[in-house]
2 protein chains.
Amino acid sequence: MPTPDRTAAKEKFMAFLEEKNLRITTQRRAIVDTVFGTDQHFTAEQLLEWARERDESVSRATVYRTLPLLTESGLVHEMDFGKDYKIYDPNYADHPNHNHIICDDCDKIVEFESDKLDELENEISHKLGFSVKSQQLRINASCEEMKKLGECKNKDH
Amino acid sequence: MPTPDRTAAKEKFMAFLEEKNLRITTQRRAIVDTVFGTDQHFTAEQLLEWARERDESVSRATVYRTLPLLTESGLVHEMDFGKDYKIYDPNYADHPNHNHIICDDCDKIVEFESDKLDELENEISHKLGFSVKSQQLRINASCEEMKKLGECKNKDH
DNA sequence: CAGTCAATCGAGACCGAGTCTCATTATCAA
DNA sequence: TTGATAATGAGACTCGGTCTCGATTGACTG
């Protein structure tokens, strides 16, 4: 796990807690340090494991209680790719309008931005009487590497 | 539940079963009659309930075993909108390239087609080294009706 | 620095969609 | 009809996630 300096994000979240009159506990600190100490996407279970390395008293319940606060603050992005778990992106504040492509076979996720796509989505939504809250283009695909290998289940790309 | 005449779809599925040396059982008949006897999207649990009205011996396990066969045959489309259940579209063969917008608040689903969107998706995927297997644009949005009402949880649109 | 008390905690029961097992039943080709 | 075996139902099980409840603790007060 890399340890980028996302002090700004961490401080923003602490301010978010204070603003909502929520307490800064040792467990929340451990979770927040973990979240903003990585660049990687992660699942709730991964976060639990990593946070416990910093403070073994962190419980599953607290992780699941803290995750909604992190997404509500806008600093972490929650994604659902139709697998049976959700994926979280701790790097969201830096590039808030990105979409994702996921490889059905090896779970590789690639992020991209496209103004053209955003425009088209907004146009269609408006025409149909919706106002876009969030959009998620999910392209289930096979990545090139996989086509070469024939099979790439859980391979490290 | 409307009862459209989707005899063609039903026969195609029976042919699909035969081709794979799978048996045509009374339970499968009940399930298939149910699926192709409606235009509506449905969940696995709804299908179980409806199929049991035709044949009370149909079990949950058989419904869950038959659904993958229906999607594999290409006659029914499985969708995942990030809720904790999947949604099935029995009308898929008639319009196979459509996308969906879902209202986060009232679960209303609207289908639409857009060649421009399909092209853009393919272009982006290719550029990033993926070959598209299936694509699903999921726009989580609020529908107009809801904005007017202020709140529309589970309202019938 | 002690006192207060609601916010927060951990453990584990619980939930619900979906899967799996296994003994029994039913399909269908011969 | 019969035999091989696909398919069945009941219910145990899995697993991500939620909820409950009694114990703990952060943060403010004096």
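Quick caveat, the model's predicted, so the values are computed rather than measured.
For Glu49(B) and dA17(C), the CD to P distance is 12 Å, given to the nearest whole Å. For the pair Gln27(A) CD and dA11(C) P, the interatomic distance rounds to 10 Å; values are reported in whole Å. Atoms CG (Leu48(B)) and P (dT19(C)) sit 14 Å apart, rounded to a whole Å.
In this structure, Arg28(B) reaches the sugar-phosphate backbone alone: every heavy-atom distance under 4.0 Å involves primed, P, OP1 or OP2 atoms, never a base.
Scanning atom types as modelled, one donor and one acceptor separated by under 3.5 angstrom connect the side chain of Arg65(A) and the base of dG10(C).
No side-chain donor-acceptor contact under 3.5 Å links Thr62(A) to the backbone of Val58(A). In this structure, the side chain of Arg28(A) engages the main chain of Arg23(A) through a donor-acceptor pair within 3.5 Å.
The side chain of Tyr64(B) lies closest to dA17(C) when the candidates are dG10(C), dA17(C), dA11(C).
Residues Phe36(B) and Val76(B) form a side-chain contact, since some pair of their non-hydrogen atoms from C-beta on lies under 4.5 Å apart. The side-chain heavy atoms of Arg6(A) and Asp39(A), taken from C-beta on, include a pair separated by under 4.5 Å.
Here the closest heavy-atom approach between residue Ala51(A) and residue Ile31(A) is recorded as CB-CG1, 4.1 Å. Of all the heavy atoms in Phe13(A) and Ser73(A), the pair that sits closest is CD1-OG, 3.8 Å. Here the closest heavy-atom approach between residue Ala44(B) and residue Leu67(B) is recorded as CB-CD2, 3.8 Å. Here the closest non-hydrogen pair linking Gln27(B) and Ser57(B) is NE2-OG, 3.5 Å. The shortest non-hydrogen separation linking Gln46(B) to Phe42(B) is OE1-CA, 3.2 Å. Contact record, Leu120(A) with Lys116(B): CD2-C, 3.9 Å, taken as the closest heavy-atom pair.
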Could you run down the sub-3.5 Å N/O contacts of the protein with nucleotides 28-30 of chain C?
from: dC28(C); atom 1: OP1; to: Ile24(B); atom 2: N; distance (Å): 3.1

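Here the straight-line distance linking atom CG of Leu70(B) with atom CD of Glu78(B) works out to 11.0 Å at 0.5 Å rounding.
Each of Asn21(A) and Ser57(A) was matched to the nucleotide of DNA chain C holding its nearest heavy atom; the match closer to the 5' end belongs to Asn21(A). Residue whose closest nucleotide on DNA chain D sits further toward the 5' end, between Ala61(A) and Glu45(A): Glu45(A).
On the nucleic acid side, DNA chain D has its first and last nucleotide under 4.0 Å of a heavy atom of chain A at dG16(D) to dA27(D), going 5' to 3'.
Rounded to 10°, the helix from dC1(C)-dG30(D) to dA30(C)-dT1(D) has 30° between the axis fitted to its first five pairs and the one fitted to its last five.
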